[in-house]
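The structure appears right after this line, and notes come after that.
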Amino acid sequence: MSEPSGASNFIHDLVVADHAAGKHDGRVVTRFPPEPNGYLHIGHAKSICLNFGLAHDISGGICHLRFDDTNPTTEDPEYVNAIQADLKWLGFDWQEKMFFASDYFEQLYSFAVKLIHKGKAYVDNLTPEEMRVYRGTLSQPGKNSPSRDHSIEDNLGLFQRMRAGEFPDGSYVLRAKIDMASPNINLRDPVLYRIRHARHYRTGNSWCLYPAYDYAHPLSDALEGVTHSICTLEFEDHRPLYDWVVEQAEAPHRPQQIEFARLNLTYTVMSKRKLLELVEKKLVSGWDDPRLPTIKGLRRRGYTPEAIRAFCDHIGIGKREAIVEMQLLEHFVREDLNKRSPRVMAVLRPLKVILDNYPEDQAEELEAVNNPEDSSAGTRNVPFSRVLYIEQDDFREDPPKQFFRLAPGREVRLRYAYIIKCVGVTKDPITGEVTELHCIYDSTTKSGASQEQRKVKATIHWVSLAHAVNAEVRLYHPLLIADLAKVPSEHDWTTYLNPNSLERVTGCKVEPSLRQAVEGTRYQFERLGYFCTDPDSASGTLTFNRTVSLKDAWAKIDPPRPVK
RNA sequence: UGGGGGAUCGUCUAGCGGUAGGACGCCGGCCUUUGGAGCCGGCUACCUAGGUUCGAUUCCUAGUCCCCCAGCCA
């Protein structure tokens with residue numbers, strides 16, 4: 001990406017000041033450090049835009065992509081690939097700066113040996129339960145482990161044997177020797193290494209002990225020459241430990257950790273744990289389910305990288321917890337898609353209309369504008385004939401106040417075509433449901449002809465029955481029925497899932513130009529919203545996802561009933 | 001009842017001693033062959049109480065509320 005994020009925020013200001021003061025030899029190096037145990041979501045996008053933006057805007061540098069792969073039991077190359085694909089799709093380029101914490105394992109081990117030599121780390125055999133007791137509580141200091149004062153030689157020997165695979169999982173750990181009475185619990189001799197006889201997707205079986213985040217992360221940053229290590233708020237009280245590790249290991253470089261508030265969005269989930277739960281329990285169709293705030297999900301839904309980036313640049317970076325309204329995200333897709341997506345006509349819930357005075361064997365091609373926002377998009381022809389489909393919502397037998405559309409005796413314009421008047425309503429004799437409309441058209445009112453003589457209050461979209469293509473349309477509603485942050489935490493969060501988040505509408509009729517629609521293409525269905533062809537179209541039925549609806553003034557007057 | 005953070009329109013966010021700005025949203029109006037888009041106007045905010053000051057959202061003090069931390073997760 002080349003355009004600067006432009007947004008100023010406290011981190012940006014701080015980095016600019018450091019840069020201006022000549023800190024770090026004038027370099028600005030940031031990093032995006034995902035753990036490959038899940039897919040990227042829009043919260044990551046916020047961090048990505050920040051980190052890549054900082055490096056690019058301030059020093060013309062690039063942001064490192066580093067996989068924080070220190071826990072072989074949860075990580076998987078599937079995620080490594082997916083993360084790279086999502087990053088590229090979002091428009092970011094890390095060039096040759098792709099790293100893996102696992103590539104540093106040997107160096108990390110050497111640093112640990114140095115720590116032991118300095119008497120700053122020791123091997124402990126306390127069980128996890130014992131360690132918890134020894135750690136104390138939030139208000140009570142902890143107490144020293146019996147192993148804390150073992151000799152350097154003993155520790156060295158034990159650590160060596162840990163690496164050699166002589167001990168089972170959980171039997172020993174390497175701990176930092178800091179202060180068991182620290183008011184900051186993170187400093188009460190945190191675990192640096194744990195034994196895990198697990199195959200690592202990159203290092204295979206060459207290691208059976210793996211470094212913990214608090215140890216591997218600062219040193220990885222230091223090894224890469226990262227100048228500003230930006231993370232989220234929950235790591236704020238890990239910063240003293242971050243600094244301790246870098247200092248005591250005598251790392252070649254001192255990165256600075258800075259924290260900001262993660263992104264939350266209304267009516268959705270943003271934690272990897274919850275997203276994984278949805279996927280694993282098959283509560284959604286996969287990581288790319290269009291209802292999810294994952295990058296893959298948003299992409300399949302029809303979001304553009306540009307819209308996501310614009311959103312990230314506009315929400316700002318701060319330190320207070322914020323829940324951003326979904327409407328703001330939607331605003332940015334609408335803004336983007338309005339300018340670039342071709343308009344087409346599609347009828348989601350068809351109602352048959354017969355033009356009684358239109359010749360039965362006649363059909364004509366009407367010129368339609370592809371995008372009124374972009375004259376270079378040109379025009380196309382749309383077939384018109386005697387029998388059409390219109391939207392069921394565009395007809396009311398007993399129109400309420402302010403309803404401008406079709407009703408018995410009323411007139412509307414058919415988009416790009418003629419003014420028609422409803423002269424008859426056919427109903428199902430049993431259910432009373434309106435099954436078809438009889439209308440007459442006025443041949444003098446063809447779109448584009450001199451038309452000043454007559455105005456109608458509404459223009460509606462339509463599709464010619466004989467030329468229509470069948471399609472399925474998927475409408476998406478909020479994933480949750482409440483914001484989890486505002487709900488008692490003891491409740492099982494999945495009970496707040498919206499059972500109607502996916503609404504499949506079959507039997508839709510779309511204009512013939514869509515017959516060959518390519519997967520992933522975005523359209524505006526006139527008067528309805530922005531839609532994107534779904535990969536499921538490959539199974540035979542043209543399928544569209546609604547990215548977002550158009551703003552709808554009528555819906556405010558007459559809100560649609562909630563989906564059942 | 002330890003430690004670390006944070007409190008500005010409904011929601012994000014700016015403001016760094018000179019009297020609150022922007023965006024989304026909402027409400028009006030204009031315009032319109034998408035009740036879209038566009039345009040114009042309006043709406044509502046400094047957690048509380050003291051203090052310093054000519055003047056405080058900004059500084060000080062004391063409170064209140066919210067979030068995070070007791071994984072061999074990150």
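Since the structure is predicted, the reported quantities are computational estimates derived from the model, not experimental observations. Here is how names work: the chains are called A, B, and so on, in the same order as the sequence lines, proteins then strands, and each is numbered from 1.
Dense packing is recorded around NZ of A:K274, with more than 12 heavy atoms of other residues, nucleotides or ligands lying under 6.0 Å away.
Residue A:K455 has a polar side-chain atom (N or O) positioned under 4.0 Å from OP1 or OP2 of B:rU33. Residue A:R239 places none of its side-chain N or O atoms closer than 4.0 Å to OP1 or OP2 of B:rG4. OP1 or OP2 of B:rG71 has at least one side-chain nitrogen or oxygen of A:R135 nearer than 4.0 Å. For A:R194, a side-chain nitrogen or oxygen approaches OP1 or OP2 of B:rA74 to under 4.0 Å. OP1 or OP2 of B:rA14 sits under 4.0 Å from a side-chain N or O of A:R320. Close to B:rC26, at under 4.0 Å from its OP1 or OP2, lies a side-chain N or O of A:K556. Residue A:T70 has a polar side-chain atom (N or O) positioned under 4.0 Å from OP1 or OP2 of B:rA74.
Taking the six-membered ring where the residue is Trp, the centroids of A:Y193 and A:F159 are separated by under 6.0 Å. Remark: aromatic rings of A:F404 and A:W554 are distant, center separation not under 6.0 Å. In this structure, the ring of A:Y242 has its center no less than 6.0 angstrom from the ring center of A:H238. Taking the ring centroids of A:F332 and A:H314, they lie under the 6.0 Å cut-off. Aromatic pair A:Y418/A:F384: centroids less than 6.0 angstrom apart.
Picking from B:rU11, B:rG35, B:rG4 the nucleotide with the shortest atom distance to the side chain of A:E325 gives B:rU11. Closest to the side chain of A:P183, out of B:rU34, B:rG3, B:rG35, is B:rG3. When the nucleotides B:rG35, B:rU13, B:rC69 are ranked by their closest atom to the side chain of A:N186, B:rC69 comes out on top. With B:rG35, B:rU33, B:rU34 as the candidates, the nucleotide lying closest to the side chain of A:S447 is B:rU33. In the set B:rA37, B:rG5, B:rC72, B:rG5 carries the atom at the smallest distance from any side-chain atom of A:E236. For A:T137, the listed nucleotide lying nearest its side chain is B:rA70; candidates were B:rA70, B:rA74, B:rG36. Checking B:rA37, B:rC69, B:rC72 against the side-chain heavy atoms of A:I185 singles out B:rC69 as nearest. Among B:rA37, B:rG35, B:rA74, the nucleotide with an atom closest to any side-chain atom of A:N71 is B:rA74. Minimum atom distance to the side chain of A:V173 is reached by B:rC72, of the listed B:rC72, B:rG35, B:rG36.
Nucleic acid contact for A:R188: none, since no nucleic acid atom lies under 4.0 Å from a heavy atom of the residue. The residue A:F403 sits close to a base: some heavy atom pair falls under 4.0 Å. A:I323 comes within 4.0 angstrom of the backbone, heavy atoms only, and of no base. A:F235 comes within contact range of at least one nucleobase, with a heavy-atom separation under 4.0 Å. At a threshold of 4.0 angstrom between heavy atoms, the contacts of A:E35 are confined to the sugar-phosphate backbone, with no base atom among them. No engagement by A:P141 is indicated, since no non-hydrogen atom pair under 4.0 Å with the nucleic acid exists. In this structure, A:H217 reaches neither bases nor backbone, as no heavy-atom distance under 4.0 Å exists between it and the strands shown. Within 4.0 Å of A:L138, counting heavy atoms only, lies at least one base atom of the nucleic acid.
Ionic pairing of A:D189 and A:R148 is present here: one or more N-O contacts between side-chain nitrogen and carboxylate oxygen are shorter than 4.0 angstrom.
Here, B:rG3 and B:rA62 have their P atoms 14 Å apart, quoted to the whole Å. The same atom, P, is picked in B:rC69 and in B:rA37; the two are 42 Å apart, to the nearest Å. Rounded to whole Å, the C1' atom of B:rC30 lies 16 Å from the corresponding atom of B:rG36. A distance of about 15 Å separates the P atoms of B:rG42 and B:rC24, rounded to the whole Å.
With a glycosidic angle no more than 90° from 0, B:rG71 adopts the syn conformation.
In terms of polar N and O atoms assigned as donor or acceptor, the side chain of A:S139 never comes within less than 3.5 Å of the base of B:rU1 in a complementary pairing. Under 3.5 Å, the side chain of A:Q327 and the base of B:rU11 form no donor-acceptor pair of N or O atoms. Side-chain to base pairing of A:R132 with B:rG71: no donor and acceptor N or O lie closer than 3.5 Å to each other. Evaluation of atom-type donor-acceptor distances gives a pair under 3.5 Å for the side chain of A:D237 against the base of B:rG3.
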